[in-house]
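The structure displayed is predicted, hence computed values, not measured ones. Lettering follows sequence order; numbering is per chain, from 1.
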Number of protein chains: 2
Amino acid sequence: MILKHSKQRDAIKNFLMTRKDHPTADVVYTKVREEFPNISLGTVYRNLTLLSEIGEITRIRVGDGIDHFDADVSSHYHFVCTHCGSVLDLDMESLSHINEIAGAGFDGKITGHITYFYGTCPDCTKLEQYS
Amino acid sequence: MILKHSKQRDAIKNFLMTRKDHPTADVVYTKVREEFPNISLGTVYRNLTLLSEIGEITRIRVGDGIDHFDADVSSHYHFVCTHCGSVLDLDMESLSHINEIAGAGFDGKITGHITYFYGTCPDCTKLEQYS
DNA sequence: CTCTAAATAGTAATGATTACTGTTATTATA
DNA sequence: TATAATAACAGTAATCATTACTATTTAGAG
């Protein structure tokens, strides 16, 4: 399957690159529609899936049942706020050593892990102080 | 809300306790229907949700978009096979130290983490050797 | 035994995502 | 540059897990 260029795909990728949070498909759809008023939701989903398959973006699943997308494909961890649901990047070292820990007593092969942290985000922490 | 006893709920809990893998709601439904032929899927979902809310079972989300359930509520980690999709328990120490690592450069509060490991399960590893 | 509310079965609705279909746009090549 | 092949599109229908609704049944307290 040879890729052909598409303005819609560019717009989706570009929008994702401007965001440090991790929008859902629906957020991408709403935003990109400002530039392409009749882009279809299917196009957004198809391109988000395509872009993640070719490694230009990452699909993030944090247990809320909705996929989030991230233009930062470097290996990093995410934080999910249990109060407001926002998904943030964490600046921390790689935890590859935990693969060894998990593999020690396991008969199969462990090739990686998915970890996300949860708690109260900076904004919600501030709000809590005065309530 | 005072809990009332229900045979259906008992059957769901009992079935989960017999399983070391982590069935989905649909698997529970299919199995419990052998004993209660006209139990409804809604009843299965309602009870799985209720049981997890009162801490008698755990809801596991491993990124396949389908909820799995576990009668073992003790803190432990899970492994997901990228070949066959099976979800297995891992016998390993707690990784609570990674909360500190994540919290070091973070402005909010970290109260926990979700981690699952992926790779090739023992069964699929055996199959690979002869293919 | 009676009453109240929890739980149920059956069904309809929801919400995220994927699939389908006929049309449009990109791009390789004549 | 014109043409032809096909990737990508818009619009819509379908799927799938899950939740909500409603009338009926059942548990269990008084």
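Applying the 6.0 Å contact sphere to CD1 of B/I2 captures no more than 12 heavy atoms from other residues, nucleotides or ligands. The local environment of CG in A/L3 is crowded, with over 12 non-hydrogen atoms from other residues, nucleotides or ligands closer than 6.0 Å. Around atom CG of A/D21, more than 12 heavy atoms belonging to other residues, nucleotides or ligands sit under 6.0 Å away. Counting heavy-atom neighbours within 6.0 Å of B/D10 CG, excluding the residue itself, gives a total above 12.
With sequence neighbours left out, A/D70 forms a salt bridge (Lys or Arg N to Asp or Glu O under 4.0 Å) with no residue at all. Partners of B/S74 under the side-chain hydrogen bond (donor to acceptor under 3.5 Å, both in side chains) rule, at least two apart in sequence or in another chain, are B/D72.
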Next item on the list: In sequence, state the C-alpha distance, the side-chain angles, and the governing distance for B/Y118 and B/F79, and then conclude on ring pair (Phe, Tyr, Trp, His ring centres under 6.0 Å).
Entry: CA-CA 5 Å; B/Y118 55 87; B/F79 170 87; 8.4 Å; no
Item checked: Candidate pair B/H97 and A/H97, rule ring pair (Phe, Tyr, Trp, His ring centres under 6.0 Å), full reasoning -> CA-CA 12 Å; B/H97 70 282; A/H97 71 282; 5.5 Å; yes
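For the 3.5 Å distance criterion, the side chains of A/R9 and A/T43 fail to qualify, holding no donor opposite an acceptor.
Remark: A/R33 qualifies as a cation-pi partner of A/Y29 under the 6.0 Å distance and 45° angle criteria applied to the six-membered ring.
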Using atom names, set out every protein N or O paired with an N or O of nucleotides 20-25 of chain D below 3.5 Å, distance rounded to 0.1 Å.
none

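Side-chain N/O atoms of B/Y45 include none lying less than 4.0 angstrom from OP1 or OP2 on D/dT19.
Less than 4.0 Å separates DNA chain C from no heavy atom of any residue of residues 49-69 of chain B. Near DNA chain C, defined here as any heavy-atom distance below 4.0 Å, the residues from residues 1-15 of chain B are B/M1, B/I2, B/L3, B/K4, B/S6, B/Q8, B/R9, listed numerically. Of the residues in residues 25-41 of chain A, those with a non-hydrogen atom less than 4.0 angstrom from any atom of DNA chain D are A/N38, A/I39, A/S40.
Using a 4.5 Å cut-off between side-chain heavy atoms of Ile, Leu, Val, Met, Phe, Trp and Tyr, with links allowed through other members, B/M92 and B/V87 fall into different hydrophobic clusters.
In summary, B/D67 and B/R61 engage in a salt bridge, as defined by a charged side-chain N under 4.0 Å from a carboxylate O.
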